[in-house]
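Note that the structure is a prediction, hence the values are computed from the model and not measured. Counting starts at 1 for both ligands and their atoms, following the listed order.
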Amino acid sequence: MKKSINSILGMLVVMLFASSGPPSSSDSGVGIWISYSGDKMVEQRVDSLLSLMTLKEKIGQMTQFSANWSITGPVMSDDFKPYLDKGLIGSIFNATSVVGIRRLQQTAVDSTRLGIPILFGQDVIHGYKTIFPIPLAEACSWDLALMQRTAEIAALEAASDGINWTFAPMVDISRDARWGRVMEGAGEDPYLGSRVTEARVIGFQGGRGGASLGALHTLLACGKHLAAYGAAESGRDYNTAELSEHTLRNIYLPPYEAAAKAGVGTFMASFNEINGVPATADRWLMTDILRGEWGFKGFVVSDYTGVNELVPHGVAEDEQHAAELAINAGIDMDMTGATFIKYLKKSVEEGKVSEQAINNATSRILEMKFLLGLFDNPFHYLNEDRAKQNTMTPAFMEMARKAVAASVVLLKNEGAILPIPKEKAVTLTLVGPLMNDSINLNGEWSGLGDRNKSVPILKGLTEKYKESAVNLIYAEGSSIDETTPGRIAEAVTAARRADIVIAAVGESFHWSGEAAVRTDIRLPEAQRQLLQALKETGKPIVLVNLSGRPLDLSWEDEEMDAILQAWFPGTQGGHGIADVIAGDQNPSARLVMSFPRNIGQLPIYYNRKNTGRPVDLNDETVDYKSNYLDSSITPLYPFGYGLSYTTYAISDLSLDKPSMKATGDSITVTATLQNSGEVDGEMVVQLYVRDLVGSTTRPVKELKGFQKVPLKAGESKDVTFELRSEELAFHGIDMKKKTEPGNFKLWVAQSSDDNENETTFTVE
Ligand code: NOJ
């Protein structure tokens, strides 16, 4: 059997080269290879195998193709089969199922000279078959354990279906809701974004670092997209990012660094240029910062044709030049573009790329294959029984349902119209294009999730209120972007019979995700017409909004009685939303992206700078201030905001000391939290600071800590935060990261605009 030939070969080369081992050096990037695992045995196996490989075979390992069984980008003309047959592919993505993957793996292992196994990748972003709420939604739970758990389940499901590597987590900071990819990340804040990144990396890889790689419930993870992909001008996908090094380092880079520190095995380069240099060709970013400053030792994959795109970017003459720029910057694997495999051998022969650079990249990729156990058994992950056992199990469904309730943000609740308990004798008229819809619920990047299996809200509510005092009527009224006077009239007639109208509205799932940018982020005209007509009935309306981004809900905020932001909630969407509507779950989610009042405010984020002419938020009309003539500068709903069916209060904020040293010191912050209402709940308590004077300007507020605290009705608890001086460090005028002495304000708050509990401290 080839399997044993492989292991014999592995053992043989280990024995042969056991004494040599790879050279070690402090050099990074295209210097000398330094292993990710630090495991001498693995290093020797990599080194030994490398010595048996031809230059072309090495470059083959640096080549990734899409099988195109699912499509996640422009389909390329190159067929991967001839490369596979010759052992010139390192990785394949978008190939799924145990049977399908086994077939490809068999070719690689049994029919090629060295029989090196393929690494199978896939975008497992918010679930594989069990689909959880979109990552932006889950981040609103501020529940790191929950996010780790859903990543673990996604890893188990995907790994049981033969996948080894996920292109997740996406950790790009997002400040502009026009950009469709805000749905994939954790929103606008670098501190929260970093914590969420760690939770997701740990979830996918089965722990911090790579120690669990190779266990059958884990996936190799990929921090993406390095870097500042979310800073695309005007939110237009793939667009230029033009930002200062201060903003890059203080706002955009922290989550990528957190991924590196959590031990992520791979990174993906972003499509965009930053300050004139496309990330794929940016040696400063891919080598000096990533490997030099952060100590990353895994491998870097380009994004889909990101190498070829150096030509239209205008930094490469042709694809050979593009391949040279990419590898010399620190890209180890070329996703789908086939530039490495076509040109790098020639570039080495012409002396434009060193063989050492090829050896490094190949070694990094081979090491991951060794760590994943693929050399010991290339068919290790391929077992139909396991795939069956670990797919959409009742436990996964339960977790998915819980994740929905934890991610839904209650934005408005006039007159405590929600919840609507089962015992309440009312008639609810259910309307809207997303009420009886399952197709959109999974949102974009939903892996192999079967859209027909997702639970529509109508079904969730019907089951919830079955044999209860609540009576339901349904009339759709409008599709996502079309309606007719007749359909609206039908919904209005139904609404007249109701005590309360519940309207499920929002976006189509493919209006967010990659290449899905909108310049108008209001609800489509058809849905606004429907809501306007319903409003005229005088009935109270609960709006359930499903979208992959913050929308401009200014009109709805004025006119609707309650608003639940339900994002795209995934497989168990209908049940999770029904749990919240009926009050079986008390909403506890808090926004991680500001909701603008209008599109003109974008980009908008809470951690803005003060400017030299700050506007007084109590009187924004004053002239010659940094304000708008026709809008407030504040968002409609700020970062950190979200309501609950209970009320909370914070009091007795105190510090254990008034000052701390700039290094190695900390202040203990204490405050009392109270559930001042009548329903049990969970409060997201947030710690913000403001550095009053810096060597460069500082944000008006910065999140530095948070906790999610369960509180029974009426219960009080003390909460403490350890604020370490290092948490206050930033890249200042000399671009060195440090904590500067001076005075700070500090708040323990319920959202980023809550200034009630404020104190000060000093850094000496
Ligand atoms: C392009 C996307 O930018 C990236 O996030 C994704 O992982 C790849 N396509 C593969 O589908």
Colleague: What pairs of residues pass the side-chain hydrogen bond (donor to acceptor under 3.5 Å, both in side chains) test when at least one of them lies in residues 81-93, not counting sequence neighbours?
Modeller: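 Applying side-chain hydrogen bond (donor to acceptor under 3.5 Å, both in side chains) to every pair that reaches into residues 81-93, excluding sequence neighbours, yields Gln64-Ser91, Lys81-Asp85.
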
Colleague: What atoms of ligand 1 come closer than 4.0 angstrom to any heavy atom of Phe167?
Modeller: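 Listed by number with element: 7 (O).
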
Colleague: Quick test of your reading of the structure: of Asp123, Asp303, Thr305, Asp237, whose heavy atom lies closest to atom 7 (O) of ligand 1?
Modeller: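 Heavy atom nearest to atom 7 (O) of ligand 1 belongs to Asp123.
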
Colleague: Any atoms of ligand 1 less than 4.0 Å from a non-hydrogen atom of Tyr304? List them with their elements.
Modeller: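 Answer, ordered by atom number: 1 (C), 9 (N).
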
Colleague: Under 4.0 Å from any heavy atom of Thr72, which atoms of ligand 1 are there?
Modeller: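 In order of numbering, the contacting atoms are 9 (N), 10 (C), 11 (O).
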
Colleague: Any salt bridge between Arg178 and Asp176, counting N to O under 4.0 Å?
Modeller: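 Yes, Arg178 and Asp176 are salt-bridged.
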
Colleague: For ligand 1, is any non-hydrogen atom under 4.0 Å from Met170's backbone (N, CA, C, O), its side chain (CB onward), both, or neither?
Modeller: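 Neither part.
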
Colleague: Quick one: sort the Trp165 and Phe299 rings into parallel, tilted or perpendicular, breaks at 30° and 60°.
Modeller: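 Plane angle over 60°, so perpendicular.
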
Colleague: Are Arg451 and Phe509 in a cation-pi contact, defined as NZ or CZ under 6.0 Å from the six-membered ring centre and within 45° of the axis?
Modeller: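 Judged by the rule (NZ or CZ under 6.0 Å from the ring centre, within 45° of its axis), Arg451 counts as positioned above Phe509.
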
Colleague: Centre of Trp445's six-membered ring, under 6.0 Å away, within 45 degrees of the axis: is that where NZ or CZ of Lys224 sits?
Modeller: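 Satisfied, under 6.0 Å and within 45°.
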
Colleague: Tyr229 to ligand 1: N or O pair under 3.5 Å?
Modeller: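 N/O-N/O distance under 3.5 Å: no.
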
Colleague: Please identify each residue that fulfils side chain to side chain donor-acceptor pair (under 3.5 Å) with Asp237, with sequence neighbours left out.
Modeller: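 Asp237 satisfies side chain to side chain donor-acceptor pair (under 3.5 Å) with Trp179, Tyr229 once adjacent residues are dropped.
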
Colleague: What atoms in ligand 1 come closer than 4.0 Å to a heavy atom of Phe93?
Modeller: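 Answer, ordered by atom number: 10 (C), 11 (O).
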
Colleague: Please could you name the atoms of ligand 1 that Arg181 approaches to less than 4.0 Å, counting only its heavy atoms?
Modeller: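 This gives 2 (C), 3 (O), 4 (C), 5 (O) as the contact atoms.
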
Colleague: Would Glu184 count as a contact residue for ligand 1, given that I'm defining contact as a non-hydrogen atom of the residue lying under 4.0 Å from a ligand atom?
Modeller: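 Glu184: no contact with ligand 1 (<4.0 Å).
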
Colleague: Any atoms of ligand 1 less than 4.0 Å from a non-hydrogen atom of Lys224? List them with their elements.
Modeller: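 What qualifies from ligand 1 is 4 (C), 5 (O), 6 (C), 7 (O).
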
Colleague: Give a yes/no verdict on a cation-pi contact between Arg291 and Phe296, requiring under 6.0 Å between NZ or CZ and the six-membered ring centre and an angle within 45° of the axis.
Modeller: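 Not flagged: Arg291 not positioned over aromatic ring of Phe296.
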
